[in-house]
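Structure record follows, encoded as structure tokens.
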Amino acid sequence: MSKIEYDGPILEIDNLSISFFTRLREIPAVMDFSVTVQPGEAVGLVGESGCGKSTVALGVMQDLGVNGRIVGGSIKFKGRDLNTMDADELRAIRGNEIAMIYQEPMASLNPAMKIGKQLMEVPMIHEGISEEDAYKRALEVVEDVKLPDPERILKSYPHQLSGGQQQRIVIAMALMSKPALLILDEPTTALDVTVEAAVVELVKDLGKKYGTSMLFISHNLGLVLETCDRICVMYSGEAVETGSIEDVFDKMQHPYTQALFRSIPLPGADKNARPLIAIPGNFPLPHERPQGCNFGPRCDYFQDGLCNAGDIPMHAIEGDDRHNTRCLRFADIDWNAPIVTDKVFEKTEPGRVVLKMDNLKKYYEVAANALFGGSGATKVVKANETLSFEARESETLAIVGESGCGKSTFAKVLMGLETATEGAILLDGKNIESTAIENRDTQTVADVQMVFQNPFDTLNPSMTVGRQIIRALEIFKYGNSYAEREARMLELLDLVKLPRAFAERMPRQLSGGQKQRVGIARAFAGGARIVVADEPVSALDVSVQAAVTDLLMEIQRKEKTTLLFISHDLSIVRYLSDRVMVMYLGHVVELGTTDQVFAPPYHPYTEALLSAVPIADTSIEKEHIVLEGDIPSAMNPPTGCPFQTRCRWKSKVAGGLCDRDVPPVRVLADGHQIKCHLPDDELANMRPVIKVAAE
Amino acid sequence: MGLFILKRFGVMVMTALCLTFIVFFLTNLYPNLEKLAKSEGNFRMSDEEVASYLGNNGYLRPLPVKYGEWLGVWPGYVITGSDGKTRARCATIDIPVDQAPTFCGVLQGDWGFSNVFKDEVSSIVGTRLGLTGKLMFWVMVLMIPSALIVGVLAGMKEGSKLDRSLSSFAITTTATPEYVSGVILITVFASSAFGLKWFKGTATQAADAATFENFFLPVLTIALYGMGYIARMTRASMAEVMTAQYIRTARLKGVSFRNVVMKHALRNALIAPFTVIMLQFPWLLNGVVIVETLFNYKGVGWTLVAAAGNNDIELLLGISVVSVMVVLITQLISDIGYVYLNPRISVN
Amino acid sequence: MEFLSWIEITLRVLTQFAPVWVALIVTFIVSIKYKRKLGLYGKLFDSSIGMIGFAIVMFWVFTGTFAGLFDMIMTHDPLSQVSGMKNKVPGIPLRGAEDGDYAYYLLGGDNLARDVFSRMVAGSTIVIVIAPLATMFAFMVGITLGLPAGYFGGRLDIGLSFLANLILAFPVILLFYLLVTPEIRMTGLPQYMAVVLFSFPLIFSTVLINSRFYIVPQQRNLFLAVTLVILGMLYISLINEEGSKITLFNAIDMFDVDAGLLTVFVSVVFVNSPTVFRIVRGLAMDIKTRDYVAAAQTRGEGPWYIMLWEILPNARGPLIVDFCLRIGYTTILLGTLGFFGLGLAPEDPNWGATINEGRKLLSIYPHPALVPSIALLSLVLGLNLLADGLREESLKD
């Protein structure tokens, strides 16, 4: 089947409306949505979860399932309306002209079919080419996505590849028929930051090479900045602002876009001097959308009688390139007004040392063969290798690393869910490393508490919010009567800024951010002094992230808590932590104050990590460092320096030292230490990764 | 792989030993032995006579010893009884006591003697097993393909009319145990009440000459009950696979619906039902006992009822060993097959 | 008197069930009216399959209750034989009917000249009492052992799973033939098994209460005392029987259970428990990886609190569905026992035994076997549909 020649826009979506139908009601998911993708152009679709961005993608693919239906508007691909095509015409376009890449690479590949077959299928269906030709094409494309040993890869099953490799295969599959349009739905969300950076780089290069237009769906503004030419911001089923990247990032014309940018931690934000501004209120549920402007109830510029009067159309901004906003007051608003905030805090000084780790080691013994294990050889997994650090009162210590770096193991050992293999953990000078949680006294347990990552998993779904907090109070032996504990529970709800009526609610009636607040209240029930926050905001939407982060900071100031903040997101780490510890494969590779870690000299891994994190600021210039390959498995770590397999500085170390020896801890400055073989002069010559361009 | 099979095999042997021991224990409880003594001797035996009979025949020794003898790992008894006669476990009419071998148990191929059928247990079990095997073979031939087809068709488009009707069929057959479906089928197709008389209501002749007329109803009766369960499993598995992301990937690659089902969904959807089919065996054996009794087909199930009803201990033990082994072997096959079907589980 | 036509038979049977219809209609009106406030039970009334299943199940529950408690619905005594009514076809007038007697055998007579209709109705009582109760005990056993096996894993899991697989590898009928015989009953084995199996509800509730309230001892002691006294009395009454192997505490033995019935009950519980065990174990292994379990661990909760208060409530969806299915399966098992004449007295009107008696003359007189067959089929089908409806509704939102 040949492809249609057409030189107009690749994709034109006009006034598209999509609804889902349940037994009870019609739920509009996308309303009055328009966007155009020109040949070779990359358009980013940005918004928080539930804003309808993925529904647009599925609408383009005409794959909305049994309940979804397009109720208005048109989707034209190369001038032909997809809405009116029959199944055969659609099939000829899917995979051939429009290809799609999803979030979960593992789930998008058929687990019981060899990679090669899955790839070859595409051109064989659409172009009717022979198996040999298809195989040759598959080999080429697999090489294009920079996978090592393509022939072996084609012969393997998906589960035999790592997450990053799987995503490359999904990309290869999308490119097999050289489509005109590529739709990417959060393609890197499931990947680690350094792997994400490499995949993004690849997508960009291949887009250019194949001349493919792209529709890039993401919640991450930074990622869109790096990959796209144009952007479309969505809120609650509507596009609120569209335009070129420069226009929208630097001359935004919609209050939601502005609020979004103010709630994400960009370089320069500071928890004391320039705190983030969270968007007040909650995202409206589809059937509870307000009259008029959907963002109205949360908007600072809301004007009664105007904004809630009727439907609001898109307005074009004069003088800009196809820049539109869905705001009635965009002309009245002074977009350059300085941010007004009454919340400027004194920097709190860290107090005495409350927690001290000394040469902590945690090794696991696992069966070499997981499925049929039992007898036979066992392997030692070194989850934590010689961890040493101190944490002070009122201090935030960030622990940064990607999957397999040992940060969760460390949290488990600290909490007492596991006991240490070697070394010491001193809490107020008392050894607790080998006391399992059931042997710790109530005070110790109450002192060290944890906030969990996944808000949908952190609360017991079949117990009321109040009951769960009261249970924590009971366990921590707070108060002598139920009434006392209940009163304290209500105070805790006040502390995390939730209405007291929430005590009676079940977790499923709460939003993600609210659940996370309950989780925080529960952690502080026993007056915790050390709180381990395991990626507490990474599963939340950006606007909610700011509010929850803010809350944690506020409680910390009040309670003088030591916060151990585990995260892979360097932007937020830079924003809120006092000191940073970078971990890789169980080793602490760098430790220092935030300023020390974020400025050269870096550990090579820190450098790559910094470069990999997308930043949503057009004035930032970043050096591009793309790491080769994947993170090695902790089961099978490399010899010598754990990072040597991916290090770009390795050649600067003489004598193959990196292959042989684990580097010693070197103190570079007061409180700044790294684990690296690089000679001093090389370290001194390192240049900063992130630069603010001169304005 | 070899190690895996070996390990599973070890567990299987352990299970078999435990189960046969339990059966041995239950059949050798004193009231059972007492009944045995009375049916061998006469029903007016006094308690003392019973005790001496049992003592003379080696029944009153410790259970593990008796079990070891039966298994063939402990020397068979030689007892000079209270009546002065010497009896040996391994002696028969042809082999006198002094020439009897030391060991005679299951391992030596000596399964004992059936009091009811007056024959060697091994030969009874052998023939009966053949008959039941014939029944089971046809049950499988009928049940598995139809169950899989029903399940795949229903699960392919969840919620469609086809799904609704096939699921109703499947749910009805799972709700119908063999003794109910057998009764209904016989009433409808074999009784004078409806007058159809297409099939025979008994399968006794099928043992020698199975025909469609005398064999279809028993086969159908067993197959129906199992079919519903496997079909529902397949449907659930198929429906789950059809919502998987990789099916959407395939669809959006432009693969036709037919090929989505055949090439992408089927293999993944059949992994779960495969294990279910194999684990169905203990259930199917139930059905076999019921149907063989209902249709008077003299296979293992029918023999089990006869042996249990007449306190034929040796025969009961023999049948237990066989049925337990059948169950365990199918479980082993199911484990190994699962590994082969599912590429995600690598053996190395 | 004339024979009744099929239309008349149908009308009369329907009339006979009048109290059941009234009860069903009331149940449905009340439930549908308040369905939004009734949780999962209320949501059942959103699914047509679930409603049909529920209606069938409740039909038999009401029939069994009215027949068992008030002697309603039945037209004749299920055990009495009337001469001349042997193997007679449905709708036959009663020979020598006196005043006050129902004038017909609506669904005919069986091979001992008893009323088939009344025996079918009487048979429902046993099923609706024994099947749910036995299933409940099986769940108690399965939950109490399955939770720790799944939660702790390791050797405990290996050991318990081996035991469960051992029982599962037994063909059920063989087990029944070994367990449910008069000889075995003489050894007291079923009673010893009852001692073990029936102790699980006691253990379960003790641990349940203690794990949650140990922090507040007064409250715990009160709850424990009340539960243990009530359950303890029931327990002792259940396992105790004069003239059997267990005759301790005869003083507080409140009631006796027929030895045959007890044996049947014990074996059904015994056969069902391993499957429940496997389900609970699987659910526990899944749920224990959730963050709220980790949260409970990090605040120092004991393992039993986590298992019973954090894991179990969140496993309830699949367990409720399986509970319905398992009642159906237990009904089938009870029928199987009856079919082989095991356990209960031969004249007992339970469905399995009635089918067994009727099957001997099946090709000439099918009705005595057909009527209980259809009754059993409809009840099990109802339970299956109910389970399907529940599963469908519990998966939504």
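The chains referred to below are lettered A, B, ... by the order of the sequence lines, with proteins before strands, and numbering in each begins at 1.
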Task: Residue C:R316 versus chain A: region with a heavy atom under 4.5 Å - done: side chain
- [ ] Might you confirm whether atom NZ of C:K288 has over 12 heavy atoms from other residues, nucleotides or ligands at distances under 6.0 Å?
- [x] yes
TODO: Could you look at A:L459 and say if it's the side chain, the backbone, both or neither that has a heavy atom under 4.5 Å from chain C?
DONE: backbone
Open item on the list: Are more than 12 heavy atoms, taken from residues, nucleotides or ligands other than A:E504, located less than 6.0 Å from that residue's CD atom?
Closed with: no
Task: Interatomic spacing from CD in A:E474 to CZ in C:F213 - rounded to 0.5 Å - done: 8.0 Å
TODO: Name the option with the most non-hydrogen atom pairs under 4.5 Å to chain C; the candidates are A:T442, A:V532, A:D457.
DONE: A:D457
Task: Under 4.5 Å from a heavy atom of chain C, the part of A:R440 involved - done: neither
Task: Within 6.0 Å of OH in C:Y34, more than 12 heavy atoms from elsewhere - done: no
Task: Whether over 12 other heavy atoms sit under 6.0 Å from C:R290 CZ - done: yes
TODO: Could you tell me whether the side chain of C:E301 reaches within less than 4.5 Å of the side chain of A:V445, counting heavy atoms only?
DONE: no
Open item on the list: Between C:A296 and chain A, with a heavy-atom cut-off of 4.5 Å, which part of the residue counts as in contact: side chain, backbone, both or neither?
Closed with: neither
Open item on the list: Let me confirm one number: the CZ-OH distance from A:R471 to C:Y305, rounded to the nearest 0.5 Å.
Closed with: 4.0 Å
Open item on the list: Measuring from atom NZ of A:K477 to atom CD1 of C:I215, what distance do you get when rounded to the nearest 0.5 angstrom?
Closed with: 8.0 Å
Task: Contacting moiety of A:F476, where chain C heavy atoms sit under 4.5 Å - done: side chain
TODO: Measure distances from C:V293 to the heavy atoms of chain A and classify the residue's part below 4.5 Å as side chain, backbone, both or neither.
DONE: neither
Open item on the list: Restricting to non-hydrogen atoms, name the atom on A:L417 and the atom on C:Q297 that form the minimum distance, rounded to 0.1 Å.
Closed with: CD2-CB, 3.5 Å
Open item on the list: Show the nearest heavy-atom pair for residues C:R299 and A:I475, with the distance to one decimal.
Closed with: O-CG2, 3.0 Å
Open item on the list: I'd like to know if the side chain of A:Q449 reaches the main chain of C:T298, judged simply by a donor and an acceptor atom lying under 3.5 Å from each other, with no hydrogens or angles considered.
Closed with: yes
- [ ] Nearest 0.5 Å please: distance from the CD1 atom of C:I306 over to the CG atom of A:N460.
- [x] 11.0 Å
Task: Any side-chain donor near an acceptor of the partner, C:D291 and A:T458, under 3.5 Å - done: no
